[in-house]
Amino acid sequence: MSNAKSTYLDELNKVQRAAVEATDGPVLVVAGPGSGKTRVLTYRIAHIIEKGAKPWEVLALTFTNKAAREMKERISKVVGNSADRIWAGTFHSIFARILRQEAPKIGYPSNFTIYDSEDTKSVIKAVLKEMNLSTDVYNPNSVRARISSAKSNLIPPALYEKDKELREQDNMAKRPYMHEIYKRYVARCKRSGAMDFDDLLYRLYELLHRNPDGVREKYQQRFKYVLVDEFQDTNHLQYSIVKKLVVYDGSPRNICVVGDDAQSIYAFRGATIQNMLDFENDFKPHGIQVFKLEQNYRSTEHIVQAANQVITNNRRQIQKEIWSNKGGGQRIKLIRARTDSEEGKRIADTILEQKNRNHLANSDIAILYRTNAQSRVFEEYLRRYNIAYKIYGGLSFYQRKEVKDLLAYFRLAVNPKDEEALRRVINYPKRAIGPSTVDKLSEFAGQQDITMWEAIAQLPLTNRAAASLQTFSTLIKDFSSKVNDPDPYATADYIARRSGLLDTLRKDTTVEGIGRLENVNALLDGVKNFSESDDTFGQEGTEGDEKTLASYIQSIALLTDFDEKNDNGDHVTLMSVHAAKGLEFSSVFVVGLEEKLFPSFMSMDTIDGLDEERRLFYVAITRAESFLTLTYADSRYQYGQMRYNQASRFLEEIDPKHMDIASPLGTKGNSTRIESRMGDDASGAGGASVKGHFKKAANLRGPAVDPKTFRPSPMSEIQAGMKVLHLSFGEGKVLSLDGAKDNPVATIFFQQIDNPQRRIMLKFAKLQVVE
DNA sequence: CTGCACATGTTTTTT
DNA sequence: ACATGTGCAG
């Protein structure tokens, strides 16, 4: 045993090892990028088991299935097969598994349906329609976000209604009926025997809180060790549940959370780094141990130092100093392109060059962008250059319409109360049940407080619609009778045929139509795999081992990726920065570094929004091991129009000494082009607005300047000794000028910011001469 | 009830 | 650009 111990403990540095060995009591691990976070987490679990804990006493929560899978694989390499018995999975899948067991205690069936965001939105639309509210004022996405945020902050409809502040906010937004929508939304979901993604958390909290039959103690005692990955991405509700499980009289409080505040990029959906700060305070009285993993094993020094510089521009941070001993390495390459298309071409060129000169494989390379829509140009050039690539993101398999349609039949067969599934397929394929009939059903159901399914049997209709409804009802009953058959594939295949779905798809012979048919067949193949395999895609949520269509839909409800496993090919990776979190590549291209794109126009007018964009940029650049290339374009097609954007402010936040400016494409006269362009901008602004047209916008970083009146001066005007204005650093004094002729660099002292002395490349800086 | 023409609104994303 | 949603004629 001590042998095994030494093998893995010896692979750790001092801090990592201490974090692994501190198995008892509360532990916070602050883990910088590339600092061996996953290694610590998995070895820690292995260590806990080595020291005698049973695998099923360990609860390890992650955010993605992928992270959970990776963790399980790595643990099993250390402790062997018993790793299967560990409760390791995503928050949602683990909680769903518990709820399948306990749901009846809080008034839900154990075969409850899980509503995805689309279903959720659809329920909200139905509620709005029922209440005769306009979707312009009550934008379904806003309503959904509002309800989600209420649940994430543990505010049920009754409390929401009484909350003065929330009501005030809603009144201000001209949405006074929000509380009523919330109430009806919750009622509808419950009536449908459905939980949305937030419910999987919220209802578990409710269960533990109300504690029927001592269920709370049961789980408190079961989970002797709790670990949470990516803690900076948890919301208030998730942290509350974790506390419910860990904090009680006599608890050893064996909880370990791992996270990096600098990599929190999901605040937009309710995550809060406050949890990290709270955690420290909450467990201080119980001897919390804090470990900071600061050595970056991934990237060379230019990259790590640039990342450090960028992140110092954010306000609140947990103090830490990330360092690397991998040597300086290559400087960061910066490419300016005239158009988005040129950006694509130059990246493809650079990729070819890197493959030749540095012997990189395609799989060593990634192109990261802020929005998925940017992938198109890169696709175009990579294809033209014959470089294999793969685009990640976009619509997942299970979100495709045709797949969801067939799944809706499955869902309805398992749980006929599932109103969203019913709405989806009641008239698809066409069976003469139009909107007006559906509305009547819905209205009747609402009046009688029954489900639409029950309404079909009770609604007094005498017309053609009644007959159609009868046929539909018979069809679904037939399907329902088969859901617990031991051969789920046979059932699935039967449903696909009898529903008419396959025939309808076969009639469509367009390219897209054939693709849809293929997807439906792929889903059926998936069911077949499920029928034949012993495990359940490694997914929680199924009871026992019986393979039925019911257990199938439960096993896939929380899956998003279908083909993630077969991406072993040698291809360049194209994905959004969000999707790249946790990954690393030898060479990384971060593209589209322009104002209004990265940072996104949606986030750039609040300080919190900008800070999150900056963390996103931080995540992007820290994905690179050896080569980092940053690019931007003067113009690009966006929303079908040509847009002209300035270089991103984030580029100025990196000290020029870490950067190399790539020689421009059409070398001749390029630098004069830059100057004349900047000159145009400034002269366009005219002398009128030069002086004093800036104010302190309260929602921007301290000294910030109103971008609307800010007019950058041409770079040739900047001289030592001048007083200048910077978009985010405020007023500063130019101390000196140096650098190459075509790339002058100014040292400027900005008195209003924390690190006042900055070196700024005039090429990208937007500076307005004050005097 | 169905199908087509026009209008609208665009981040990021896991579950 | 493009996908999704609404309104109206058949």
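Chain naming here is simple, since letters A, B, ... match the order of the sequence lines and numbering starts at 1 in each.
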Could you state the atom-to-atom distance from [atom1] of [X] to [atom2] of [N] in whole Å?
X      : N      : atom1 : atom2 : answer
A:K401 : C:dA3  : NZ    : P     : 15 Å
A:I241 : B:dT15 : CD1   : P     : 17 Å
A:I391 : B:dT13 : CD1   : P     : 13 Å
A:D119 : B:dT15 : CG    : P     : 16 Å
A:D229 : B:dT15 : CG    : P     : 13 Å
A:R400 : C:dT4  : CZ    : C1'   : 17 Å
A:Y392 : B:dT14 : OH    : P     : 13 Å
A:Q263 : B:dT14 : CD    : P     : 16 Å

Task: A:K125 side-chain proximity, nearest of B:dT15, C:dG5, B:dT14 - done: C:dG5
Any side-chain N or O of [X] under 4.0 Å from OP1/OP2 of [N]?
X      : N      : value
A:N65  : B:dT15 : yes
A:K581 : B:dT13 : no
A:S117 : B:dT15 : no

TODO: Pick base, sugar-phosphate or nothing for A:R431, based on heavy-atom distances below 4.0 Å to the nucleic acid.
DONE: nothing
Open item on the list: Need one value for A:D198: base, sugar-phosphate or nothing, where a base atom within 4.0 Å counts as base even if backbone is also close, heavy atoms only.
Closed with: nothing
Could you run down the sub-3.5 Å N/O contacts of the protein with nucleotides 9-12 of chain B?
{"unit_1": "B:dT11", "atom_1": "O2", "unit_2": "A:R370", "atom_2": "NH2", "d": "2.8"}
{"unit_1": "B:dT11", "atom_1": "O2", "unit_2": "A:S600", "atom_2": "OG", "d": "3.3"}
{"unit_1": "B:dT12", "atom_1": "OP1", "unit_2": "A:N372", "atom_2": "N", "d": "2.9"}
{"unit_1": "B:dT12", "atom_1": "O4'", "unit_2": "A:R370", "atom_2": "NH1", "d": "2.8"}
{"unit_1": "B:dT12", "atom_1": "O2", "unit_2": "A:R370", "atom_2": "NH2", "d": "3.0"}

NZ or CZ of [X] within 45° of [Y] ring axis and under 6.0 Å:
X      : Y      : answer
A:R615 : A:Y618 : no
A:K390 : A:Y392 : yes
A:R203 : A:Y108 : no

- [ ] Start with the C-alpha gap between A:L597 and A:Q374, add the side-chain angles, then the distance that decides, and say whether side chain to side chain contact (heavy atoms under 4.5 Å, CB included) holds.
- [x] CA-CA 10 Å; A:L597 182 59; A:Q374 286 165 259; 3.6 Å; yes
Task: Residue from A:Y266, A:Y239, A:F63 passing ring-ring contact (aromatic ring centres under 6.0 Å, His included) with A:F231 - done: A:Y239
Task: A:R423 and A:S442: side chain donor to acceptor below 3.5 Å - done: yes
Open item on the list: I'd like to know if A:E379 pairs up with A:R383 as an ion pair, taking the criterion as any Lys NZ or Arg NE/NH1/NH2 lying under 4.0 Å from an Asp or Glu carboxylate oxygen.
Closed with: yes
